[in-house]
*Asks:* 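Take this structure first; my questions come after.
Heads up: numbering here begins at 1 and tracks the sequence. Basis for what follows: all heavy atoms, side chains included, without hydrogens, waters or symmetry-related copies.
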Amino acid sequence: LAAPDEDPFALLDDQPPVGPAPVGTVGGGWFGFLGYGLVRRLEPVGASPPPPRRLPDSALAFYDHLLHADPDGRWWFEALWTPARASFLDRRLADLQARVDAAPRARPFATAPWTHHPSDGGHALAVAAARERIHAGDIFQVNVCRRLGSRLTGDPIDLFAVAVAVLSPARAAFLGGPWGAVASLSPELFLERRGRRVRSAPIKGTGRRPRDPAAAAAAAAALGASAKDRAENVMIVDLVRNDLGRVCGPGSIHVPALAERQAHTGVWHLVSEVAGDLRPDVGDADLLRATFPPGSVTGAPKVAAIDVIAELESSAREVYTGAIGFAGPVAGLELSVAIRTFEFHGREAWLGVGGGIVADSDPGAEVAECETKAAPLLAAIGARAAPARPAGAGAPRPRRLGPRPLPRPDPAAGVFETLLARDGRPVALGLHLARLGASVGALYGRPVPAAGLAGRIAAAAAGDPEAGRLRVSARPGPGRQLEVTIVTTRLPTERPAVRLRTTTVPGGIGAHKWCDRRLLDALAEALAPDQPLVCDADGRLLETGRANLFVVSPDGALCTPPVAGRLLPGVTRARVIAAARGLGLEVRAVELRRIDLRRAREVFVTGALGGVEAVEACDSWELDGGAREVAGRLGRVLAAPAPPPAGSGQVERGSDRFSKIAITLRDRFSE
């Protein structure tokens, strides 16, 4: 197995020498997937949207033997034979023969109704935003995708066995490991290398293929006559020609097929082919570095399109739109584009679908194309889509901040905590350290030295009694080091009134307090004097640039958006929830939209420095700034003097009240 810290591209060139082999033999080699997230190792592009990734960036394993079915349906046991492995390979062949004689029976499986993220309206909003960037000249084309999510009862291999029998896709693949599983039903060739010859067959342009022959022929003719679909295809052919031109000999690249109509399960596709001869000094690693990720699932220009993808999509791509296949010393290289691909982690299951957006794309038609692509896959496994959720009511189009999107926060820049210091003592220190530790563990896989750091923070606060603000930053250093800095500053004498303006960041900012605030700062500058109130593509309110959101509903319940990996699990948010329950208030973690702010008895935001602050206006309509009864009561609880330290040199641990808050915070991390 490839180690997590190994370069997956370089491994493809790590092949043993072999002698002559019959034509059509595979023999062995590296098998696995290269996930879309590897693009950040190749190009200077921004981070992906949340939620946190569940699968690794890649999974590769070297096999020196395999079973291979030839075109006539005969099965062969093939191996990269060496004298040292001879006895093992003999035993392995006998084991496989015994397993074939006792083939397992099919086992039942089922999936819950598949839910679209974002909704139809949210995806249409992303398509409209992509068109705006095309019209502005930022890009020519971009592939915008959405995700369907479900839960699986059963084993992914059984789902794959049923689906592949029904669909007979050109490039099916199943991969499984301790990390999860992938069941790919892809029709698309990314790269094939035989000797020095390399080719790619990008798909761009999709239409329904009805069962009725006459209707199917009419649909094929309509797709072939579509200027929009042909434009998509031709742009990507040019992109693939450019990618291969980086590693192929001059004059060797040609296009054997351009925008040919091909029938696939339930759909027509426009398929082209680009081929060339690799230069003598180019290996598979260089070929992948020049072409990955596939052009048909990114856009043109490629790097600019990848930035727009990160800006407008609501979920991080994982295996989806990467590549699946093998590289071996006998058969060369063959990789599919990881589309029409189910992904699994535990009982979670998800499926990506999308399409290429050009200047004249219609958002409604793009939503329908996603449905067209997903429908045969769901039907093959006996599944169904959940009822359509409401359109993205109230979500403004994602704001274009310049010709190149400002990136989402870069995890490599680190995370931080802002603490309030009162009378030379840090407030809620234990909770802040817990959240910092959770972020550092999730992002960098290492612990925070909590005991020593708590003492340093307490000493910094005590050493500067006039300071009201402590900023504790942590970023990954060389090796497994963690670089931690503590800065103290004075608080401003006045805080401005809280006036908000909604702005869409598909998928939100995520569950960490990022040091990289380029996007949030740019939004704050663009919306000044209002503060940004971030919502997702479906119009669900998430958080402000610096605080969590609460409303008091008409029935008196205290409501706040659920964390779910999309927004910061605020320390003050947790303290307010605990305090509200202590006051006998009902607390609900529910989806909130702008209409809920208008209907609310009170609206307020919470943060470490501001505490509980009433919201006076949102999107130019005034809220009832005088309604502050609940906010005032909660603010007074949080401002009450903390219990004295248990002993000299100890930091605040808290009473039973703070113990309950810590439990609540841990609960929120698990949402």
Side-chain angles (χ1 to χ4, degrees), residues 111-131 142-151 159 163 166-167 169 183-188 203-212 215-216 218-220 222-223 226 228-229 232-233 261-270 296-297 309 312-315 317 320-321 337-343 349-358 360-393 395 506 536-538:
T111 59
W114 291 75
T115 303
H116 288 88
H117 305 280
S119 67
D120 290 354
H123 187 63
L125 187 77
V127 171
R131 281 188 53 184
V142 61
N143 203 72
V144 178
C145 301
R146 63 200 295 212
R147 174 180 285 194
L148 286 79
S150 180
R151 293 185 70 79
L159 179 148
V166 172
L167 298 175
S184 182
L185 305 155
S186 175
E188 184 172 357
I203 291 175
K204 218 76 202 126
T206 301
R208 290 182 62 251
R209 186 166 70 90
R211 293 184 177 180
D212 176 71
L223 179 63
S226 168
K228 177 260 184 189
D229 289 289
E232 277 188 58
N233 194 287
R261 289 167 292 182
Q262 290 187 7
H264 294 267
T265 304
V267 298
W268 289 104
H269 283 312
L270 295 183
S296 62
V297 289
I309 286 168
L312 298 182
E313 291 187 358
S314 295
S315 300
R317 302 183 186 187
Y320 176 60
T321 66
V337 180
I339 56 174
R340 318 290 201 273
T341 296
F342 294 97
E343 299 171 65
W350 59 98
L351 169 72
V353 289
I357 311 304
V358 292
D360 57 349
S361 291
D362 175 69
E366 295 301 329
V367 170
E369 181 174 324
C370 289
E371 302 294 337
T372 296
K373 291 175 177 176
L377 301 172
L378 298 185
I381 62 172
R384 62 183 178 86
R389 290 184 288 134
D536 67 12
D538 287 331

*Asks:* Between Val144 and Glu366, is any pair of side-chain heavy atoms under 4.5 Å apart?
*Replies:* no
*Asks:* Report the distance from atom NE2 of His117 to atom CG of Asp536, rounding to the nearest 0.5 Å.
*Replies:* 11.0 Å
*Asks:* So which atom in Leu159 and which in Ala183 form the shortest heavy-atom distance, rounded to 0.1 Å?
*Replies:* CD2-CB, 4.4 Å
*Asks:* Is there a side-chain contact between Glu188 and Ser296, using heavy atoms and a 4.5 Å cut-off?
*Replies:* yes
*Asks:* Where do Arg317 and Val297 land on the side-chain contact (heavy atoms from CB on, under 4.5 Å) test, with the steps shown first?
*Replies:* CA-CA 11 Å; Arg317 302 183 186 187; Val297 289; 4.3 Å; yes
*Asks:* How long is the straight-line distance from CZ of Arg261 back to CZ of Arg209, given to the nearest 0.5 Å?
*Replies:* 13.5 Å
*Asks:* Heavy atoms only: give me the nearest Ala112-Ser150 pair and the separation to one decimal.
*Replies:* O-OG, 2.6 Å
*Asks:* Which is it for Lys204 and Asn143 under the side-chain contact (heavy atoms from CB on, under 4.5 Å) test, yes or no, and what are the steps along the way?
*Replies:* CA-CA 10 Å; Lys204 218 76 202 126; Asn143 203 72; 2.8 Å; yes
*Asks:* Compare all side-chain heavy atoms of Lys228 with those of Asp362 and state whether any distance is below 4.5 angstrom.
*Replies:* no
*Asks:* Return the set of residues passing side chain to side chain contact (heavy atoms under 4.5 Å, CB included) with Pro210 (not counting sequence neighbours), or none when no residue passes.
*Replies:* Arg208, Ala215, Ala216, Ala219
*Asks:* Could you tell me whether a side-chain N or O of Ser226 sits under 3.5 Å from a main-chain N or O of Ala222, the two making a donor and an acceptor?
*Replies:* no
*Asks:* Answer yes or no: is there a side-chain heavy-atom contact under 4.5 Å between Arg146 and Val367?
*Replies:* yes
*Asks:* Could you check whether any side-chain heavy atom of Asp120 comes within less than 4.5 Å of a side-chain heavy atom of Glu371, counting everything from C-beta outward?
*Replies:* yes
*Asks:* Please check if the side chain of Asp538 supplies one atom and the backbone of Ser119 the other of a donor-acceptor pair under 3.5 Å.
*Replies:* yes
*Asks:* Short question: side chain of Ser184, backbone of Thr341 - any donor-acceptor pair under 3.5 Å?
*Replies:* no
*Asks:* Using 0.5 Å steps for rounding, measure from the CD1 atom of Ile339 to the SG atom of Cys145.
*Replies:* 9.5 Å
*Asks:* Find the distance between CG (Leu312) and CG (Leu125) and round it off to the nearest 0.5 Å.
*Replies:* 8.5 Å
*Asks:* Which heavy atom of Arg131 sits nearest to which heavy atom of Pro363, and what is that distance?
*Replies:* NH1-CD, 4.1 Å
*Asks:* Ala163 and Leu185: which non-hydrogen atoms are nearest, and at how many Å?
*Replies:* CB-CD1, 3.7 Å
*Asks:* Could you list the residues that satisfy ring pair (Phe, Tyr, Trp, His ring centres under 6.0 Å) with Trp114, not counting sequence neighbours?
*Replies:* Phe342
*Asks:* OH/Tyr320 to CZ/Arg147 distance, rounded to the nearest 0.5 angstrom?
*Replies:* 10.5 Å
*Asks:* Of all heavy-atom pairs between Ala374 and Val353, which one has the smallest distance, and what is that distance?
*Replies:* CB-CG1, 4.0 Å
*Asks:* Tell me every residue that passes ring pair (Phe, Tyr, Trp, His ring centres under 6.0 Å) with His116, counting only those two or more places apart in sequence or in another chain.
*Replies:* none
*Asks:* Could you tell me the separation between the CD atom of Glu369 and the CD1 atom of Ile357, rounded to the nearest 0.5 Å?
*Replies:* 7.5 Å
*Asks:* For Leu148, which of Thr115, Thr111, Leu378 qualifies under side-chain contact (heavy atoms from CB on, under 4.5 Å)?
*Replies:* Leu378
*Asks:* Do you know the tightest heavy-atom contact between Ser314 and Pro506?
*Replies:* OG-CB, 3.6 Å
